**Student:** 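Provided herewith is a single structure, encoded as structure tokens, for subsequent inquiry.
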Amino acid sequence: MAHPLDIADQFKPQGNVIDLQEFGNGNINSTFLVTLDAPAQKHFILQRINTQVFRQPELVMGNICTFTQHVRDRLQRRPLISARRWEVPQVLLTGDGQNHYVDSDGSFWRAISFIEGAQTFDTIEDSDRAREVGYVLGMFHNLISDLPPEQLADTLPGFHITPHYLQHYDEVLSKTSPNPSSEVQYGLRFVSDRQTWAQVLENAKARGHLRLRPIHGDPKVNNVMIDTATGQGISMVDLDTVKPGLIHYDIGDCLRSSCNPLGEETDRWERVSFDTDICQSVLQGYLSVARDFLTESDYDYIYDAIRLITFELGLRFFTDYLEGNVYFKTKYPEHNLARAIVQFKLTESIESQETAIRAIIQEMR
Ligand code: GN1
Ligand code: MG
């Protein structure tokens, strides 16, 4: 297999590559931080795209370029009033002007600029941080609210369509005899109790209550970049799933990851809970820049979105465990089962606080 060091050179960095390290904790792609000896560009991000998941990676790159171009144009025409720092990751080109490089084994590589002076966090410690995370998602949606979704390809058909995941789950179940551990029994029961309700967002879309818009697709808390000096949110990274969808998928994903103080990799299942104070602050930050493009109907489905995307991620992890870990990277055989239970416990906590969460949303309308 080609070495990432050799691939890094294909993206014509200014200067020499002096270091390359695995970076971040993505569940799908392989990510490396490349360090250069040039003063102008100290780092960039190199990634090998998982083409088992992203079957048409050229379309993924096309969407990212459409997105970055749109936002750059928009910010040039209408700079942010607050003059706050806002960064748009840039796709780096190869020596012959391509936005990706396919190596001799057929692996698909691409490079993205690295945002200096900023960090990401797996969990949220306080309400200021929560507001910044919400602001970043709101600003992200705001900046693409005028990009027609038809200009983006559907790079992952079925992504966040919960009924499709349920269908796949049924297929997997019909082919396997799951081990009878109490965790597996809990998961099987958990999913079967929520089959009918799981159509809620797709039904709202079919009835015209919610419409397709460009979305991020994976705006979990650790994809939000926070300026190290000011603590302000300045960018949303990981643009692979930018495509048409419901903004509710994004709102749900951002909140399910932000409001889980133990993080999605915890093994303390019995202590997993959804923090409604963080939820309130994230929503405040979000609405400070998203209010203008939200409809009444959009507010009606925020609670369901939080519950559904949490449940859906649990279902995706659980199915992957039953299927033999074919989608998400794992560190041990029961890893996806453990992750599934965390999301199911989080879903239970959301359900038990439905009244309070709905009240928070209602108060902000
Ligand atoms: C995957 O690879 P990563 O961590 O960026 C997944 C998301 C999940 C997330 C859970 C394309 O994202 O949908 O929410 O894991 N991405 C894809 O951590 O399936
Ligand atoms: Mg991602």
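Please read all numbers here as calculations on a predicted model, not as lab measurements. Order of appearance sets the numbers: ligands from 1, and atoms from 1 within every ligand.
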**Student:** Checking Thr176 side chain against Pro178 main chain: does a donor-acceptor pair fall under 3.5 Å?
**Tutor:** no

**Student:** Between ligand 1 and the protein, tabulate every N or O atom pair separated by less than 3.5 Å, reporting distance only.
**Tutor:**
residue: ligand 1; atom: 2 (O); partner: Asn27; partner atom: N; Å: 2.8
residue: ligand 1; atom: 2 (O); partner: Ile28; partner atom: N; Å: 3.2
residue: ligand 1; atom: 4 (O); partner: Asn27; partner atom: N; Å: 3.2
residue: ligand 1; atom: 4 (O); partner: Lys220; partner atom: NZ; Å: 2.6
residue: ligand 1; atom: 5 (O); partner: Asp218; partner atom: OD2; Å: 2.8
residue: ligand 1; atom: 5 (O); partner: Asp238; partner atom: OD2; Å: 2.9
residue: ligand 1; atom: 12 (O); partner: Asp218; partner atom: OD2; Å: 3.3
residue: ligand 1; atom: 13 (O); partner: Arg316; partner atom: NH1; Å: 2.9
residue: ligand 1; atom: 13 (O); partner: Arg316; partner atom: NH2; Å: 3.3
residue: ligand 1; atom: 15 (O); partner: Asn27; partner atom: ND2; Å: 3.1
residue: ligand 1; atom: 18 (O); partner: Asn27; partner atom: ND2; Å: 2.9
residue: ligand 1; atom: 18 (O); partner: Lys220; partner atom: NZ; Å: 2.7
residue: ligand 1; atom: 18 (O); partner: Glu264; partner atom: OE2; Å: 2.4
residue: ligand 1; atom: 19 (O); partner: Arg316; partner atom: NH2; Å: 2.7
residue: ligand 1; atom: 19 (O); partner: Tyr327; partner atom: OH; Å: 2.5

**Student:** Using side chain to side chain contact (heavy atoms under 4.5 Å, CB included) as the criterion, point out the one residue from Asp250, Ile302, Ile247, Val133 that pairs with Tyr286.
**Tutor:** Ile247

**Student:** Please find the pair of heavy atoms, one from Glu312 and one from Ile161, that lie closest to each other, and give the distance.
**Tutor:** OE1-N, 3.9 Å

**Student:** Below 2.8 Å, which protein N, O or S atoms neighbour the Mg ion (ligand 2), ignoring water?
**Tutor:** Asp218 OD2, Asp238 OD2

**Student:** State whether the side chain of Lys329 and the backbone N or O of Asn29 hold a donor-acceptor pair below 3.5 Å, judged by distance alone.
**Tutor:** yes

**Student:** Using ring centroids (six-membered ring only for Trp), state whether Phe190 and Phe344 fall under 6.0 Å.
**Tutor:** yes

**Student:** Which label fits Phe67 and Phe140: parallel for a plane angle under 30°, tilted from 30 to 60°, or perpendicular past 60°?
**Tutor:** parallel

**Student:** Please determine whether a side-chain nitrogen of the Lys or Arg among Arg339 and Glu264 lies less than 4.0 Å from a carboxylate oxygen of the Asp or Glu.
**Tutor:** no

**Student:** If you look at every heavy atom in Gln47 and Ile45, which pair is closest and at what distance?
**Tutor:** CG-CG2, 3.9 Å

**Student:** Donor-acceptor pair, distance only, cut-off 3.5 Å: does the side chain of Asn222 make one with the backbone of Thr120?
**Tutor:** no

